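Notes follow once the structure below has been shown.
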Amino acid sequence: MTKYSQQEQQNMNLVADFMQSIRVVPASESAIILYIDQPLTDTLAEQLQSIADGVLSLANTSEIEIVSSYASLLINYNPLKTDHFAIKQMLFQAIKSMFSDNSHTDYSQQTDQKLVELPVYYSDTTGPDLARIATHHKLSVEEVIQIHQQQTYRVFAIGFAPGFGYMGQVDPQIAMPRLATPRALVPKGAVAIADRQTAVYPAASPGGWNIIGQCPILMFNPNVEPSMPFKVGDSVRFKAIDQDTFFAMGGEQ
């Protein structure tokens, strides 16, 4: 009978518990999705990043592409070079490695994550929902702005449009549900809140989030590399700027 050390047994138990919370299902003939049924936390996001990094280290990167979301990983693969059985084995191996003897390592130190500072011009004209949020939470507009700046947000996913980063989590003091009736047009650079998420609209588009300001930095530029100022796993902080600085940095109204 194989004997395991106390640490090995603990790691095995962690793997077993984690495996109870996951589902791996086909997404197409050349893709699978890993779902993790856990509450959204920074730890969950870091675990997803660790699993993605583990799979990439095990696979030929020309064979796969990984897209992260809040609690899932979509893995697209080249069916001429591998199959979903091999990808699932890589996933399980990455999960086991995550709970190895180094399981208490800070996941965020294992990747090239960075802190990005985004300037925001908070005002009545660029933030038409500021006053409503303040009234709803019995705060002043200045307090809403201050609370939004205090938080460091994690980029959990990028979607809806290129450069649209879903960031969280917003302080409950200023969290707001989506608008009952979305706006037909939200300006490019609009900084907005929906529930406990915040984001910057990369281009003018319809939208139902609560707008609190405007950012002059391009969220997506296909002509430069990297094309976005952040990636999934990065941290973002917002910093208030005045109107003159906003226009000097290329802001438009």
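Starting from 1, each residue takes its place in the sequence as its number. When reading the values below, keep in mind they use all heavy atoms of this one structure, side chains included, and skip hydrogens, waters and symmetry mates. Only a predicted model underlies this, so the values are computations on that prediction, with no experimental measurement involved.
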Is it true that F160 and W209 have ring centroids separated by less than 6.0 Å? no
Of all heavy-atom pairs linking I51 and I95, the shortest is CD1-CG1, 3.8 Å
Taking the side chain from N221 and the backbone from N223, do they hold a donor-acceptor pair closer than 3.5 Å? yes
D83 bridged to K88 by N-O distance under 4.0 Å: no
Using the rule that two of Ile, Leu, Val, Met, Phe, Trp, Tyr join whenever any of their side-chain heavy atoms come within less than 4.5 Å, decide whether L73 and V67 are in one cluster. no
Check whether any side-chain heavy atom of I241 lies under 4.5 Å from a side-chain heavy atom of P216, and answer yes or no. yes
Could you grab the distance from atom CE of M167 to atom CG of D234, nearest 0.5 Å is fine? 10.0 Å
Would you confirm whether S123, through its side chain, and T126, through its main-chain N or O, come within 3.5 Å as a donor-acceptor pair? yes
Could you tell me whether a side-chain N or O of S50 sits under 3.5 Å from a main-chain N or O of E46, the two making a donor and an acceptor? no
Would you say the side-chain atoms of N210 pair up with the backbone N or O of I193, donor to acceptor, closer than 3.5 Å? yes
Applying the 4.5 Å side-chain criterion to the ILVMFWY set and letting contacts propagate, would L44 and I75 be lumped into a single cluster? yes
Treat each ILVMFWY residue as a node, draw an edge where side-chain heavy atoms are under 4.5 Å apart, and state whether Y166 and I174 are in one component. no
In Å and rounded to the nearest 0.5 Å, what is the NE2 to CD distance from H137 to Q173? 8.5 Å
Step-by-step salt bridge (Lys or Arg N to Asp or Glu O under 4.0 Å) determination, R178 to D195: CA-CA 7 Å; R178 288 173 172 81; D195 301 314; 3.0 Å; yes
Is the ring centre of Y77 less than 6.0 Å from the ring centre of H84? no
Considering non-hydrogen atoms only, spot the tightest contact between I211 and A190 and give its length. CG2-CB, 4.0 Å
Counting C-beta onward and ignoring hydrogens, is there a side-chain heavy-atom pair between Q169 and Q197 closer than 4.5 Å? no
What distance do Q151 atom CD and S235 atom OG have between them, rounded to the nearest 0.5 Å? 11.0 Å
Let me confirm one number: the CD-CE distance from E225 to M228, rounded to the nearest 0.5 Å. 9.0 Å
Connected via hydrophobic side-chain network under 4.5 Å: V116 and Y201: no
How about I212 and I133: do any of their side-chain heavy atoms sit closer than 4.5 Å? yes
Do other residues, nucleotides or ligands put more than 12 heavy atoms under 6.0 Å from E252 CD? no
For the atom pair CD1 (I87) and CD1 (I64), what is the distance rounded to the nearest 0.5 Å? 5.5 Å
Taking the side chain as C-beta and beyond, is there a heavy-atom pair between P187 and Q214 under 4.5 Å? yes
Donor-acceptor contact present, side-chain T135 to main-chain R132, <3.5 Å: no
Minimum heavy-atom distance V25-Y35, with the two atoms named: CG2-CE1, 3.6 Å
At their closest point, which heavy atom of I217 faces which heavy atom of M249, and how far apart are they? CD1-CE, 3.8 Å
What are the two closest non-hydrogen atoms of P162 and F220, and how far apart are they? O-CB, 3.5 Å
So, for H148 and V191, which heavy atoms are closest and what is the spacing to 0.1 Å? CE1-CG1, 3.8 Å
Any donor-acceptor pair under 3.5 Å from Q149 side chain to A240 backbone: yes
If we count only N and O atoms by modelled type, under 3.5 Å, do the side chains of R237 and T152 hold a donor and an acceptor together? yes
Any side-chain donor near an acceptor of the partner, S21 and Q38, under 3.5 Å: yes
Determine whether a donor-acceptor pair (N or O, by modelled atom type, separation under 3.5 Å) exists between the side chain of S28 and the backbone of S30. yes
Nearest-0.5 Å distance, CE of residue M219 to OG of residue S227: 11.5 Å
Counting the benzene-type ring for Trp, do F247 and Y121 have ring centres under 6.0 Å apart? no
Check whether I36 and I66 end up in the same hydrophobic cluster, where Ile, Leu, Val, Met, Phe, Trp and Tyr are linked by side-chain heavy atoms less than 4.5 Å apart. yes
I want to check something: taking the side chain as every heavy atom from C-beta on, are R183 and P128 in contact at a cut-off of under 4.5 Å? yes
Go through the steps to decide whether Y122 and F238 satisfy the test ring pair (Phe, Tyr, Trp, His ring centres under 6.0 Å), and finish with yes or no. CA-CA 10 Å; Y122 300 95; F238 295 99; 7.7 Å; no
Side chain to side chain contact (heavy atoms under 4.5 Å, CB included) between I22 and L34, worked out: CA-CA 7 Å; I22 72 170; L34 166 70; 3.8 Å; yes
Donor + acceptor pair across side chains of D242, T245 (<3.5 Å): yes
